[in-house]
Each structure stands twice: as C-alpha cells, then as structure tokens.
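Here is the structure we will look at.
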Amino acid sequence: MKTTTTIDKIAGFVDREVTLSGWLYNKRESKKLQFLQIRDGTGIIQAIVSIKDVDEETWSAGQSLTQESSLYITGTVSKHPKRDEYELQVKSGGINIIQVTEDYPITPKDHGTGYLFEHRHLWLRSQKPWALLRIRSEVIQAIRTFFYEDGYLAFDSPMFTPSAVEGTTTLFNVDYFGETAFLTQSGQLYGEAGAMAHRKIVVFGPTFRAEKSKTRRHLTEFWMIEPEVAFFDLEDNFELMERMTMYVIEWVLDKCRKELEILERDTSLLEKIKLPFIRMHYDDAVKELNELRKKAGINEEFEWGGDLGSPDETMLTEAHENPIFLHHFPREIKAFYMAPDPDDERVSLSVDMLAPEGYGEIIGGGQRADDEKYVIEQIKKHDLPQEAFEWFLDLRRYGTNPHGGFGLGLERLVAWLAGVQSIRGCIPFPRTIEKVYP
RNA sequence: UCCGCGCUAGCUCAAUGGUAGAGCAAACGGCUGUUAACCGUUAGGUUCUUGGUUCAAAUCCGAGGCGCGGAGCCA
C-alpha cells in the first residue's frame, strides 16, 4: 500500500516509505550519490539516491532530472545526519518522472528584478516569492479573523463607480455601455453607507489608481482593508488601528517563522513593538522634522501646512521603534470628506499610521465630515461634481453622526512585516505603470 | 509630468576610442554526505534601435525604445 503525503507533513512519517509529488528544485551529484532537492509547494526536502541502494534505471532517472522537472518520488523518511530537517532515502524504482524540463529560465543564481518580473509566473516557485506570498496570505487571514471576531460585517464595495473618491486625475476610465465609469480608488464612501446599516463594517478588495508613480511603494492595482464605523471618533480610530496592527504582527510572528527566516527578516524589530503606538500631532511633527532635518544637514525648513514627503516620513519613522500616528493634518491637504477639528479650524480629524524602519505611511484614515453643508462646500472646493455624490450626501441627511475609519494598504503592510524593500513582490502579479504582463 | 541611472553571451556583470571577457546556466568529464557544492574542458556575441563624429565606436554626440530608482501624489 503506497502512502502519499506532502513535505509539510513529513515529520509524521519518519522511518516509513512515502511517495511525494513535486518538482526538482536543485541537484548536486557525484559518482556514488545524488542529492535531489524536491519542492512540492508545501516545502523543500532533500532526496538521496545512493548508487549502492538503487538499480541502474533509477540511478539514470535521477541523473536525467533537470531543474523544475516534475516527478513522483518514493523513499524512506529519515532524519538528516547533520541538520535539523528530514530527508528521503530513495530505493529502486523510486523515481517516476512526469516531465524532464528543458532550459528553465530561472537558475539558482542571481537575476535582476526586471528579468524576474518578466518571468513572474515562474519566479513564484522560488523560495523568496514563495515565502513572501505565504506571509501575504497569513496577513489576510489575520485581518479577516480580527475583524470577524470584533463583530465587523464584511461589506463589499463596487469596483465600477460613477465618480472619483479623491480627485479625478488618477482614475482608470472604463466604457460602461456608452457611459464612462471608473474603477474604484477606494471603497470608503460605500463603506460609510454600510456602517450606517450595520454599524461596524470592513471593506476588503482591490483598488485602482492611475497615478504615474514609479516607486517601490506604488502599484496601480492594490488591495485595501477599509473598516468604517458609525459613532466613532478619532481616538476610537487610534485604538482600532493599533489593536489590529498588533494582532497581525503577533499572528505573523506566530505562524510565519519559517517564511520570515527564508526572507532573512530581523524579527526582533517586530518583537519590540509595544502598545500604545506613538501619537504625534501634526504641529509636533513639524517641530520634530525640522530638528531631524537640521541633524541631517538639510537647511530647508519644513513649513506648516505642507504634506510630508516620502523622505520626511522615512526620517521620522527611522527615529522611532513603534509605529507613529500622525494626526490633525491641515485641512487643505486632506480629502473632501475629512472632518474639520471643531477646536482648531486649520486642521482636520485625520490620521496616518507610519510604519517603522522607514517604511512610512501604510494607513490613512480619520473622522468623516458629518455636516451636509460642510460636505457640499468641500465638494465644490475640490471641484467635484455634486450630482455624483448625492447618494453620499443622503448619509448626512438621514441620521448623520460622527463616524470614521481607515484604509490600510495590504501590500505595504506585508512589505513592512516581511522586511522587503519593494511592495511589488507582495502581490502575486504586480501591476505598475506600463507593466501588465504577465 | 519631472529628475537620475542602466541596456554587452540564456542570466549577472567587466572591458574608461585600438583584437569583446569572466562567473553562473548548458554539454562533456572528474571529485565529494553535498547545501547557491567544488574542479577541468567545450560551446555560446547584429554590444537595445537609429543617425552622426572618427583612420578606428560597446565606449563620444543626437533621436527613439525599454527597464530600474526617485520626486510629486498616495495606501
């Protein structure tokens, strides 16, 4: 009776004969021994073919294997003599080849990122992308679990929208039966409608932005988690963000040890993060930034009223171990739906969460403007077509209340937790400006 | 939209106006319980395209294409 299993479950089969199915990841061979590294999607195991243990046919089958050849392989599971891992001792007839692969484009040696993304469909099989996308999957699971257990309703917003959420320059147009529709930039406005029906909702889906950004922090298609809650102020928002972030950090540290190791992530930096996160008023950020700029030898002053550039965020987050809530941004630099601060006309009840180690903004959120007149005024100020927002204004006409939420960029969160430079590897097939293949 | 860098063997790169080369991959051989194994041999080129300067261009200049990084904007 043949026992089949997968590499992730191999520890339960020591001294037993099992059959694995997978691909050859790498090979080392000599006159008497072949070391076959077999990958099956769940992990990698080393199979040993010894010339004294197998017949000629099995030996030459092992010899013929090339990188990414697909096969069934049967052998006895044993402990590695030197390492803390398992291996497979192959016997006669233990190698059953499905296909000998020729000229696999990705070798175990160096490649440039341009080349690798051209071959993204194959590069996914390599160790680091494999680990990174497993972390993404765990982060998604952690976030869904967190909100589910906290009583949030999963609320899906539409992908086709009649209007811009934050300005019209960065929208993708779609021909919608002769009319122009847009791909959504954010599910937030619809999330607000959901919050008025269910109190606590969370939107999770892809969003599209035609920003011509060519940086390692931008994609034209990315996934956002957007909770929205009725009767919810800025302080409630801080508390939700930090609780959720801590939950995800702990989940990933608990479930992704192996993946973090493959990515050579220094996990001590994540382990240092403690509640509460840093609360920093925009006014104080301006002061701190100017001190940091002075220290860095930058003579130019950061002036009150401006938005922080990426270098500013980097400087600020590198100076702290914990994430930073940067709050009360000037009204002028925030979206039309942001609530004004009743105690300080200049600023809004807005917050960005900046991740440490220079990762910068991964969350943007705040309290929403709940006064109909103010929202109309802001729509006009931002040159947006009011008729497209009539339904949104209804939310202010019928039972308005202080409410709020935030938008979390999934890929940016994953990049930070995994400690990778670019967010492009944090999604299976990244979409960037002028890059939609494969 | 703007700024910077790059494009040479299948891949990663070198050659600083004068005979295009190395490592890896491939093929063949050797050696080893090997870990991106190692050693030897062989093969591998329209130097992104295009126009120009020059006795001579991978190299200098112009135009274009593509890629990467960044600014702005944002998650």
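Chain letters run A, B, ... following the sequence lines, proteins first, then strands; residues in each count from 1. The shown structure was predicted, so the numbers you read here are calculated from the model rather than taken from an experiment.
Considering only side-chain N and O atoms, A/Arg424 lies under 4.0 angstrom from the phosphate OP1 or OP2 of B/G69. Proximity of A/Lys214 to the phosphate of B/A71: no side-chain N or O atom is located under 4.0 Å from OP1 or OP2. Under 4.0 angstrom from either OP1 or OP2 of B/U35 there lies no side-chain N or O belonging to A/Arg83. Remark: A/Ser310 is in phosphate contact with B/A71, judged by side-chain N or O atoms under 4.0 Å from OP1 or OP2.
Nearest heavy-atom pair across A/Ile10 and A/Ile45 is CG1-CD1, 3.8 Å.
Contact annotation: side chain of A/Arg412 to base of B/C74, donor-acceptor pair present below 3.5 Å. Checked by distance alone, A/Gln421 brings no side-chain donor or acceptor within 3.5 Å of a matching partner on the base of B/G69.
Rounded to whole Å, the distance from NE2 on A/His111 to C1' on B/G67 is 17 Å. Computed from coordinates, the A/Trp416 CH2 to B/A75 P distance equals 17 Å when rounded to whole Å. Computed from coordinates, the A/Leu308 CG to B/A71 P distance equals 13 Å when rounded to whole Å. The nearest whole Å value for the distance from the CD1 atom in A/Ile225 to the P atom in B/A75 is 13 Å. With rounding to whole Å, A/Lys334 atom NZ is found 10 Å from B/A75 atom C1'. Atom CD in A/Gln34 sits roughly 16 Å away from atom P in B/U34 (whole-Å rounding). Nucleotide B/A75 holds its P atom 11 Å from the CE atom of A/Met241, rounded to whole Å. For the pair A/Tyr86 OH and B/G33 C1', the interatomic distance rounds to 19 Å; values are reported in whole Å.
Backbone-only engagement by A/Asn26 is indicated by non-hydrogen atom pairs under 4.0 Å involving sugar-phosphate atoms exclusively. At a threshold of 4.0 angstrom between heavy atoms, the contacts of A/Pro311 are confined to the sugar-phosphate backbone, with no base atom among them. When heavy atoms are screened at a 4.0 angstrom cut-off, A/Leu408 is found touching no nucleic acid atom at all. Residue A/Leu410 is classed as having no contact, given no heavy-atom separation below 4.0 Å to the nucleic acid.
Comparing B/C66 with B/U49, their P atoms sit 15 Å apart, to the nearest whole Å. Rounded to a whole angstrom, the distance from the C1' atom of B/U19 to that of B/G52 is 25 Å. Rounded to the nearest Å, the gap between the P atom of B/A25 and that of B/U41 is 15 Å. Nucleotides B/U53 and B/G17 are separated by 12 Å at their C1' atoms, to the nearest Å. B/U50 sits 39 Å from B/G40 when the P atoms are compared, rounded to a whole Å. Rounded to a whole angstrom, the distance from the C1' atom of B/G64 to that of B/C7 is 14 Å. Distance noted for atom C1' between B/U34 and B/G21: 31 Å (whole Å). Taking atom C1' on both nucleotides, B/A26 is separated from B/C11 by 12 Å, rounded to a whole Å.
Nearer to the 5' terminus of RNA chain B, by closest-nucleotide assignment, is the contact made by A/Ile48 (compared with the other of A/Ile48 and A/Ile363).
Salt-bridge formation is detected for the pair A/Arg136/A/Glu411: a Lys NZ or Arg NE/NH1/NH2 atom is positioned less than 4.0 Å from an Asp or Glu carboxylate oxygen.
A/Glu57 CD: 12 or fewer foreign heavy atoms inside a 6.0 Å radius.
Using the six-membered ring where Trp is involved, A/His119 and A/His121 have ring planes that are parallel, under 30° apart on the 30 and 60° scheme. Using the six-membered ring where Trp is involved, A/Phe208 and A/Phe172 have ring planes that are perpendicular, over 60° apart on the 30 and 60° scheme.
Across B/A75, B/U34, B/G72, the shortest atom-to-atom separation from the side chain of A/His80 is found for B/U34. Of the listed nucleotides (B/U34, B/G70, B/C11), B/U34 has the atom at the smallest distance from the side chain of A/Glu87. Of the candidates B/U34, B/C11, B/A36, the closest approach to any side-chain atom of A/Tyr115 belongs to B/C11. Checked against B/G33, B/U34, B/C74, the side chain of A/Arg28 finds its nearest nucleotide in B/U34.
The side-chain contact (heavy atoms from CB on, under 4.5 Å) test with A/Phe325 is passed by exactly one of A/Met280, A/His281, A/Glu242: A/Glu242. Remark: of the listed residues A/Lys200, A/Arg368, A/His198, A/Arg368 is the sole one forming a side chain to side chain donor-acceptor pair (under 3.5 Å) with A/Glu228.
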Watson-Crick and G-U pairing of RNA chain B, under 3.5 Å, as dot-bracket with | and [ ] = (((((((..((((....[..)))).(((((.......))))).....(((((..]....))))))))))))....

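For A/Arg134 and A/Trp130, the positive end sits near the middle of the six-membered ring, less than 6.0 Å away and at most 45° from its axis. Note that A/Arg293 lies outside the cation-pi zone of A/Phe302, set by a 6.0 Å cut-off to the ring centre and a 45° limit from the axis.
For the pair A/Ser157 (side chain) and A/Gly191 (backbone), a donor-acceptor distance under 3.5 Å is absent.
Checked against a 6.0 Å centroid threshold, the rings of A/Tyr337 and A/Phe392 do not count as neighbours.
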inquiry  = Can you build the contact string for nucleotides 20-31 of chain B? Use B for base contact, S for sugar-phosphate-only contact, and - for no protein heavy atom under 4.0 Å.
reply    = ----SS----SB

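Within the 4.5 Å cutoff, no side-chain heavy atoms of A/Phe204 are placed close to those of A/Phe147.
Residue ring and nucleobase are not stacked for A/Phe35 and B/G33 under a centre distance beneath 5.5 angstrom and an angle between planes beneath 30°.
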